[in-house]
Amino acid sequence: MRKFNFCAGPAALPEPVLRQAQEELLDWAGLGCSVMEVSHRSPEFVAVAERAERDLRDLLSIPANYRVLFVSGGATGQFSAIPWNLFGAGDKVADYIHTGQWAKKAIGEARRYGQVNVVASSEDRNFTYAPGPDSWQQSDNAAYFHYTPNETIGGVEFGYVPEVSCPLVADMSSTILSQPIPVEKYGVIYAGAQKNIGPSGITVVIVRDDLLDRALPEIPRSLNWKVAADAGSMDNTPPTFAWYLAGLVFQWLKAQGGVEAMAELSLRKSQLLYDFIDRSGFYSSPVERGSRSRMNVPFVLANDSLDKQFLRESEAAGLLNLKGHRSVGGMRASLYNAVPLEAVEALVAFMADFEKRNG
Ligand SMILES: *Cc1c(COP(=O)(O)O)cnc(C)c1O
């Protein structure tokens, strides 16, 4: 039996997608072998790759002057790729917002290649909010401005798109495809797949085409967006199975009503859980109200000596992977697109019962 999976990543995949992959695993596209066993340059696979890009463009209304890349190396690879690709045309200076662990890693990589100005940080209150734009000191010579719209570990989400005077770069790993986004406001959007796109192993980069000629000359070939763009993301062998599965997820998303439907559903799911937590005297959310993530909901129990019991009993009730990140403790429920409303209803019912027995 499939259980409800709240894993932060690699995360739940839509069941119909898994079923289709299972059904055609041994004999795909009438070829008598699996999709993993054919050339990435075969017409059958190229059709999969092209359709995945088309569907992603439809879902996010990506303008024609943006290129869509499917690369390896995760979002972490892009932490390095961003300075390599954007520091070649002027001063090696970039603005970053520091909102928690992922922002910190991104900043750490950029610092190896240039100067980072941290224009705002939420470290003063333990990364429990998204800083507003009032206090920013933007650099006048920044090559780009980087932020993390959804901090997966802290459960902090920006409710607005920063207005900046240089290319805006966003790590959307844990929020992409959960709502419509104004792509034209961004220079670069990137996301590791294993939260809202597909299995781990593939990374989506959406880059405005005028940003493809700013790379440092020493850039490693495998990180070079222009090389990937010119080669249709096939300069080397791409992760074909992950690309195929991502394509199935895009088709599933379209059938669900696209990102508008996901936006509505993500609000319903997260509000159900936050409302329950706020009404309870037993559970609490460490995140400030205006910055609470629709995708990752951290919460703590009134008494952390009950954490182990909570995890044991929730797992026995078919509610998987609720343990908070090792750096934060407590619990975290990740509510990505493939997590149905019924999962959150079951979680809230379990939490109410656990409180009644132990509160
Ligand atoms: C998961 C995650 C990452 C790391 O992704 P990898 O694919 O493991 O490199 C980076 N940023 C955010 C916001 C994430 O949620």
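Counting convention: from 1, in listed order, for ligands and their atoms alike.
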For a quick check under 3.5 Å, do Asn321 and Asn5 share a side-chain donor-acceptor pair by atom type? yes
Have Glu288 and Ser291 got a donor and an acceptor in their side chains that come within less than 3.5 Å? no
Could you check whether Tyr147 and Asp95, counting side-chain N and O atoms only, form a donor-acceptor pair closer than 3.5 Å? no
With a cut-off of 3.5 Å and sequence neighbours excluded, list every side-chain donor-acceptor pair involving residues 73-89.
{"residue": "Gln78", "atom": "OE1", "partner": "Trp225", "partner atom": "NE1", "Å": "2.9"}
{"residue": "Ser80", "atom": "OG", "partner": "Glu109", "partner atom": "OE1", "Å": "2.9"}
{"residue": "Asn85", "atom": "OD1", "partner": "Trp225", "partner atom": "N", "Å": "3.0"}
{"residue": "Asn85", "atom": "ND2", "partner": "Ala81", "partner atom": "O", "Å": "2.8"}
{"residue": "Asn85", "atom": "ND2", "partner": "Leu223", "partner atom": "O", "Å": "2.8"}

What are the polar N/O contacts of ligand 1 with the protein below 3.5 Å, with distances?
{"residue": "ligand 1", "atom": "7 (O)", "partner": "Ala75", "partner atom": "N", "Å": "3.2"}
{"residue": "ligand 1", "atom": "7 (O)", "partner": "Gln194", "partner atom": "NE2", "Å": "3.0"}
{"residue": "ligand 1", "atom": "8 (O)", "partner": "Gln194", "partner atom": "NE2", "Å": "3.4"}
{"residue": "ligand 1", "atom": "9 (O)", "partner": "Ala75", "partner atom": "N", "Å": "3.2"}
{"residue": "ligand 1", "atom": "9 (O)", "partner": "Thr76", "partner atom": "N", "Å": "2.8"}
{"residue": "ligand 1", "atom": "9 (O)", "partner": "Thr76", "partner atom": "OG1", "Å": "2.6"}
{"residue": "ligand 1", "atom": "11 (N)", "partner": "Asp171", "partner atom": "OD2", "Å": "2.6"}
{"residue": "ligand 1", "atom": "15 (O)", "partner": "Thr152", "partner atom": "OG1", "Å": "2.4"}
{"residue": "ligand 1", "atom": "15 (O)", "partner": "Lys195", "partner atom": "NZ", "Å": "2.7"}

When every non-hydrogen atom of Lys269 is compared with those of Leu335, the smallest separation belongs to NZ-O, 3.3 Å
Sole candidate of Leu168, Val93, Val164, Val169 that passes side-chain contact (heavy atoms from CB on, under 4.5 Å) when paired with Tyr144: Val169
